[in-house]
Amino acid sequence: MTDPKLVEEAAAPAAVPGAEALPPDAPVEGAPMRSQGRDVWRQFRSHRGAMLALVIFAAIVLFVSLGPVLWRIDPTFVDYRARNQGFTLAHPFGTDQLGRDLLARMMAGGQVSIAVGLVAMAIALSLGSLVGVLSGYFRRLDAPLMRLTELFLALPLLPLLLLMVTLFREPLGKALGPAGGTFLLIVCAIGATSWMQTARIVRGDVLGLKEREFILAAKSIGTPAPRMILRHVLPNVVSPIMVAATLGIATAIITESALSFLGLGFPPDFPTWGRLLFDAVDQMQMYPWRVILPGAFISLTVLSVNYIGDGLRDAMDPRIRGR
Amino acid sequence: MRLKCLMLGAATMALTAPAALAERGADGQVNVIMWQAPSTMNPYMSAGTKDIIASSIALEPLASFTTEGTIEPRLAAEIPSLDNGGIAKDLKSVTWKLKPGVKWADGSPFTAADVAFTAAYCLDPNGGCAQLAKFEGVEKVEAVDELTVKISFVSPRPDPFSAFVGAQSPVLQKAQFQNCTGEKAPTCTEQNFNPQGTGAFKVAEFRTNDTITFEANPEYRDAAKPAFARLVVKGGGDSAAAARAVLETGEFDYAWNTQLAPEVIAGMEAAGKGKNVAAFGSLVERIHVNLTDPSSDLPEGERSTARHPHPILTDAAVRKALSMAIDRQLLTEIGYGPAGRPTCNLVPAPAAWASDNTECLAQDIEGAKALLDQAGWVAGGDGIREKDGKRLKLVFQSSVNAVRQDFQALIKQWWSEIGVETELKTVDPSVFFGGDAGSPDTFQKFYADVEMYANNFEGNNPEPYLARQTCDKIPGPENQWQGENTSRFCDPEFDRMIGEMTQIVDPAERGAMGKKLNEMLTRDSNAVIPLVYRGTASAVSNTLGGVKLNAWDSELWNVADWYRVKQ
């Protein structure tokens with residue numbers, strides 16, 4: 001029995017001179033791809049928890065984004081004849097104390113919560129990484145930026161948010177509508193008050209990296225600072241940033257719930273998971289599902305994002321990859 | 001007929017006999033849970049309801065408010081009136097006759113000197129008395145003789161029942177407190193925690209913010225009362241835990257302030273250990289309609305002031321339609337259950353003042369639509385009505401509170417059915433009710449089109465409460481936004497009638513006038529849209545008898561009459 005591959009190879013015409021340096025036109029089937037993205041993905045796939053988390057997170061995102069297209073009940077429609085219903089065909093997740101459909105509310109709430117979580121995390125992450133890298137890499141910026149970080153850490157969060165909401169809610173609401181204005185305000189507020197941990201972690205890592213030989217080597221061949229940061233420093237601090245990011249999403253979702261609870265978040269007719277949870281606390285004993293459902297969605301989202309982050313961290317770290 | 005009466009009387013006697021014949025202290029111990037724990041026993045040192053209620057177990061005023069809001073003598077022999085000469089003809093003084101033979105818990109006699117001393121104690125400018133409002137307008141209080149006290153006022157008072165009426169202003173013992181006046185008042189810990197009283201119980205042990213143990217007062221004027229030898233007031237927890245301790249587990253006999261969702265209470269009551277009872281005072285949940293323009297296009301200091309009338313809500317038809325579209329019965333059922341009643345009145349009680357206005361109780365969506373059609377508001381493409389280029393869109397604000405948010409959602413839906421778009425807004429209660437002139441979110445500033453909250457009045461006299469709705473009480477920058485006329489209602493006729501009322505003494509005539517004023521605010525103008533007449537709720541064990549919940553005075557006002565139900 002002859003191997004077809006061997007036959008093919010043998011039958012192949014001789015290579016054009018000079019082409020050895022180029023990658024083959026069509027990669028040989030079964031041979032490993034050498035692109036970094038593919039490598040990361042392969043490693044990621046081998047992390048079973050991360051894969052499961054990815055599936056769950058994708059399912060949740062699909063549920064909240066495509067769900068309302070299929071399930072067309074208005075999440076704020078009050079049908080007081082159908083109050084406090086259990087799981088029925090008309091209301092698969094039941095109804096709340098005013099007869100609003102919980103499935104529709106869960107979808108609408110998820111859109112807001114996940115959007116807030118992702119955007120606020122992105123803001124906090126960019127701010128935190130920027131401050132962290134700058135203060136770690138440039139010695140002169142270190143002290144002032146770290147004092148700024150400490151200043152923000154020392155600020156009492158709640159009064160600050162209260163002030164921001166009082167000052168900006170009305171002008172923003174007028175410019176972008178009540179929901180849009182509140183969204184921008186909340187993601188900015190959460191983002192601007194939760195970047196400090198990331199900044200500290202990143203700074204610590206950058207300080208350590210700076211002493212490594214490859215950085216020294218890059219420096220000695222005259223690599224300019226921006227290129228140095230983007231090419232050599234950032235890729236090496238991606239793992240702590242990823243971990244901070246996944247934790248950030250969770251914190252953002254929970255902070256948004258707390259804000260809604262204090263009346264500083266979205267108006268009461270915009271359901272979010274946090275608000276659904278808080279609304280249900282009073283009836284926890286009688287209708288435990290109303291607490292369990294939004295609670296489970298928040299936990300699942302947070303957990304799955306954490307696992308994805310864990311998998312990504314492992315996959316992106318070249319020292320772990322391939323083991 | 002007479003026979004029937006006699007038999008009925010005999011039957012009642014037979015029924016009440018076990019309680020009436022009980023001797024003092026025969027029923028052992030009664031346990032009361034107050035989830036906000038009392039921190040003092042001297043109500044002049046604290047304005048907190050919890051402290052006033054706790055102190056009312058030992059201390060007594062000259063007269064109490066009954067469950068109906070009328071006045072009943074306690075330490076006084078009778079209620080002063082114009083007829084018995086107690087109230088002076090010029091309305092500038094009131095003379096109280098005291099019950100003879102009343103003794104303090106230490107055995108010393110109770111006299112008019114104690115009453116005069118208590119007034120001086122509270123009126124001392126250095127004392128920081130928390131109940132000064134009860135003594136407002138009081139010029140002096142003097143002991144005419146052992147059993148007669150005369151209270152003189154600065155100006156004529158048609159309703160003189162403020163000082164020494166109700167649990168907020170009980171009588172303190174002169175002998176105990178005479179070294180505690182002025183700046184020394186708060187430092188007299190021993191006196192403030194263990195005041196001598198004339199009430200049914202006396203303090204045995206006081207632990208601040210924790211437990212107070214009372215014993216039956218051996219000198220109490222009724223030899224058969226109280227039926228309990230000991231009364232323990234325990235603090236801590238929250239309203240749900242307190243209600244559960246009475247209704248589900250039966251560890252306690254009485255729980256104060258158990259305002260919970262009707263379904264939650266019903267679930268607890270199913271255990272069969274007790275009942276949640278409600279008493280109705282004067283608390284009304286209402287919507288205030290802003291008659292001035294809150295638009296943020298106006299410069300600060302002119303928003304929501306009388307200078308700019310509201311572009312939409314000055315139309316009486318819109319206000320009436322808003323009121324007609326609301327189903328108050330359903331709101332009550334969802335939000336308060338048996339602890340609420342639908343109402344169309346701002347002044348729901350006392351009976352003489354309560355208007356029989358019930359027109360608004362039936363929801364009328366079609367009528368509201370017709371009214372808006374007539375007034376020229378035409379539905380646009382998206383179902384929202386418009387007129388002269390103005391969209392019928394309102395911002396509806398309230399404080400953060402689960403029940404209020406449910407109400408907001410329901411009302412928003414009803415209003416959308418009649419073509420009114422509503423944007424909901426919630427504000428943290430400490431900001432909303434905080435009265436901070438610098439915050440844009442207080443209920444007085446009212447930077448919204450409609451707002452919902454509840455309010456009530458002290459004592460049984462609604463006159464000062466109605467007088468808050470006059471033109472000069474409109475909140476604005478000139479009074480640091482402290483006025484209480486949140487609707488910015490201004491009607492010269494209303495102001496004139498309020499002025500007239502201060503001269504009227506006859507209770508019936510005052511009540512009739514009050515009804516008219518109430519209707520001007522609600523039915524006639526819809527400047528205020530009342531929703532629910534709210535009661536205060538408390539949980540009572542089935543084994544505890546004699547409880548008559550009172551929303552006008554301390555809840556424990558008749559603790560002397562409590563007894564153990566024999567099962």
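Computed from a prediction, not measured in an experiment: that's the story for all the values here. Here is how names work: the chains are called A, B, and so on, in the same order as the sequence lines, proteins then strands, and each is numbered from 1.
Around the CD atom of Glu150(A), the shell of radius 6.0 Å holds more than 12 heavy atoms that belong to other residues, nucleotides or ligands. Under a cut-off of 6.0 angstrom, the local environment of CH2 in Trp71(A) is crowded, with over 12 non-hydrogen atoms contributed by other residues, nucleotides or ligands.
In this structure, chain B has no heavy atom under 4.5 Å from any part of Asp279(A). Neither the backbone nor the side chain of Asp96(A) comes within less than 4.5 Å of any heavy atom in chain B. Contact annotation for Phe77(A): both backbone and side-chain heavy atoms come within less than 4.5 Å of a heavy atom of chain B. Neither the backbone nor the side chain of Gln397(B) comes within contact range of chain A; no heavy atom of the residue lies under 4.5 Å from a heavy atom of that chain.
The candidate from Ser399(B), Ala240(B), Ser296(B) with the greatest count of non-hydrogen atom pairs under 4.5 Å with chain A is Ser296(B). Comparing Val264(B), Leu424(B), Leu330(B) by how many heavy-atom pairs each has under 4.5 Å with chain A, the most go to Leu424(B).
Residue-level contacts of residues 401-419 of chain B with chain A, in order of numbering, are Ala402(B), Gln405(B), Asp406(B), Gln408(B), Ala409(B), Leu410(B), Lys412(B), Gln413(B), Trp414(B); threshold 4.5 Å between heavy atoms. Inspection of non-hydrogen atoms places Gln97(A), Leu98(A), Arg100(A) of residues 97-114 of chain A under 4.5 Å from chain B.
Rounded to the nearest 0.5 Å, atoms NZ (Lys425(B)) and OG1 (Thr182(A)) are 10.5 Å apart.
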